[in-house]
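Read the structure below first, then the notes.
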Amino acid sequence: MPSSNPPTAAGPPKPDPPAAQSDAPKLSGAELKKQKQAEKAARRAQAIQGKQAAAPAIAAPAQSTEAPKGPKVQQQKRRGSTLAARDIPTRSQKAVAAPAPVEPKKEDKTVEFFRHLYKPRMTSIAGASKDVHPAVLALGLQMSNYTICGSCARLVATLQAFKRVIESYTTPPGNSLTRHLTSHVLSPQIEYLASCRPLSISMGNAIRWLKLEISKVDINTPDTTAKADLCEAIDVFIRERVTFADQVIASSAAERIKDGDVILTYAKSSIVQKSLVKAHEDGKKFRVIVVDSRPLHEGKHLAAALADLGIEVKYCLINGLSHNIQDATKVLLGAHAMMSNGRLFSRIGTALVAMEANEADKPVLVLCETIKFTERVALDSIVHNEIAPADELIIPGGALENWADMKKLQLCNPMYDVTPAEYIQMIVTESGNVPPTSVPVLHRLGNESQ
Amino acid sequence: MMGDPDSSTESQSSYEGSTTPPPLSGHPPLHRMATVGNVPQNGKSKSFDIVETYQRLLHEDPDLTMPVAAIEALIELLVQSRAVTVYETLDLVKTQSDYLKSRIPNSISLSAGTDLFQRYMISSLKPSSTGNFETVRQHLLSNGRLFVSRAKAGRERIANYGRHFVRDGSVVLTHGGSRVIGALLGKAAEASASGGNVRFKVIYVMNDARSSESKAVVSSLRAKGVPVATIPEGAVGYAMGKVNLVIVGAEGVVENGGIISRLGTYQIALLAKAAGKPFYVAAESHKFVRLYPLGQYDLGIDQEVIEFKTEDETELTQEEQKFTNMTPKVTERSEYFSTSPLGAPKPNRAVDAVDFTPPALVSALITESGVLTPSAVSEELISVWY
């Protein structure tokens, strides 16, 4: 199959010679010979394909690279760096270094249905544009390895990093801040962040707001004032749309929790946690069931945090859901985004929990800041989603450890799913409790009236 | 779904523009309950008792709904009050409405009125508005009166919208003693200018506990020449096959578009849904209440509907029941004239109990500003309160 290379990579993944050699001393002479043969064959095959694929792909990013050593050197350098940057599933080395004389073509592990969603993830700062601010560089890596995870946390961290960017910005002579900042400084940052992990809906909303805010800066304002004003505006934005919104949501959700309630929640949402903690502080007597799932196991942290406070917590994986839902009286869910057709876009598995709750006639409450509302609609989880590296699904030492070598085996690790609006009784937002049908109204009031 | 443009938009726009968060719905918070004790200390409120006024208003005018009575009582309070500052006035109205709510069992419906009035006051008493306090107050009083008269006229308009749902030859199932339903069906029975009278039949679900009210509704319909069949509550499922549409009234329309109504409405809605019959609710928009129940037991009121007992019911209570039924008395809203005005409100007995019909079961709401889907209620409330 000629299309066996992942279409997402800029160039074909080429085995990294130094890395392969570092492994070499462990191998016997015969093995080494075989390996070299295989490598050679692989390189040859890829060189042919590379000529077709790499040339147009390289043209664009090459413009921003640093070293002006002539076009050829630059191209090669570029290719090497993207290679290190892209975390293409382990197949590159293991497959090639396998003892048998393997044919160089590797099976395409991309799930066809989700092909449009596969994006290589940046896992190191190599290859990042030189315009990217160090704070944003660090943030991108933190996002890509889930150190900063969750729609709101990422939003706040992004805005904070952008504040640093704005602080260290000086308008070049002959330009104005209004015209220059967004296109020349902010855009590379956003691009880099998106390459680390696709931007969340709330980040998109906030970035749109920030761009609008920058465009509103009067052209005659001195640089320092304009920058201070923008930083101030960002602070106010975070305070109003996240910090204060969270407080309002937490207290109105806590109000919904009555003595004797059994609250079921899925994975971990910071706002659900805040609400439960608030209800506990208010002296409500209730139990919590945390339903969790692989591969991220986010619920463990929630369960531990709640248990530390003395709340009675039951932790189960999603395969225990249909049993545990019977004990629950309410289901509280966090959100990644609320779509305009009232559907909830949230951590994968949420739709299952909501459906199960609906089946058992338990009310489902979604806690969501209006910053996460979007005018987009979602009918399924296929068109818009995020595919995480499939290796996250692998248990080290488990049966599927060498899944990349297994023929006809594909792993798919989508991050989100879409919950139908019928399963949701109420959305608790900072501007009141609304049914899912009112999402567009609140979105219009909150995100578009600015 | 657009009504007469001037009256509906006018009444709504007066509530817009305030940034103050709306008061919490449902029961008054506990610390508010504590301030209720201050009420009798006021020299002027000794002569004025809001609960008494409210009940008198309801008693005097059988056509008055609870939210409107509450608003009218609050207007009377304003007339009598000698508060001279905005905050004094606001606080007075707030404490008095909370007091009223705490004294009346099942305060859901009337809280729609008090909340609306407070909201209205906050927006019209804003310091930015023109004139001194006295003119603002006068303006408020006259506008409040206007609101009350408009609310009464609303019923007529609902009847005008709703009559088109009743088609020639259709069979309408209804229950309860809603005045809106009475007006609507009456209007449908009357000959219209366009052509002839609509011939339709009514299946009325009798309520044993309120048989006098049921009988009054049935006889008034029969007097208009509408054939009425009366069935017990147990026969609703049996009768549903012959029904073309269901129309009921409501005590309150909640934020998600569901309704709070006389006990038994929920099961009728469920049966209508199961049989695929449209279920319409006729309600004035002043019954929209800031409440978002998640289920039957989340209404914020105590109802003694399900009571587990090991002792047998004594014969005496049944005798009493019969006796009270025979007594020719206005039983319609007896719970609102309950004795012991200073005692704690009694939990709703099964007779006055209400249930919650979720929005998924409601086909449409017929209000004076048009025919709304349940989801439009939430939008309407958002536009009023934000």
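- Within 6.0 Å of NZ in A:Lys285 there are 12 or fewer heavy atoms belonging to other residues, nucleotides or ligands.
- Side-chain contact between A:Gln425 and B:Asn256 is absent, with no heavy-atom pair separated by less than 4.5 Å.
- Taking every heavy atom of both residues into account, B:Pro293 and A:Arg256 meet most closely at CA-NH1, 4.4 Å.
- Taking CG of A:Leu445 as the start and CD1 of B:Ile382 as the end, the distance is 7.0 Å to the nearest 0.5 Å.
- Residues A:Val441 and B:Ser378 have side chains not in contact (no heavy-atom distance under 4.5 Å, counting atoms from C-beta outward).
- In this structure, the side chains of A:Thr437 and B:Glu379 stay at 4.5 Å or more apart for every pair of heavy atoms.
- The part of A:Pro363 that comes within reach of chain B is its side chain, from C-beta onward, which places non-hydrogen atoms under 4.5 angstrom from that chain.
- No more than 12 heavy-atom neighbours from other residues, nucleotides or ligands sit within 6.0 angstrom of CD on A:Glu312.
- Within the 4.5 Å cutoff, side-chain heavy atoms of B:Leu294 are placed close to those of A:Met426.
- Here the straight-line distance linking atom CG of A:Asn433 with atom CG of B:Leu381 works out to 12.0 Å at 0.5 Å rounding.
- At most 12 non-hydrogen atoms from other residues, nucleotides or ligands lie less than 6.0 angstrom from CG of A:Asp361.
- One distance of note links OH of B:Tyr292 with CG of A:Leu365; it measures 8.0 Å at 0.5 Å rounding.
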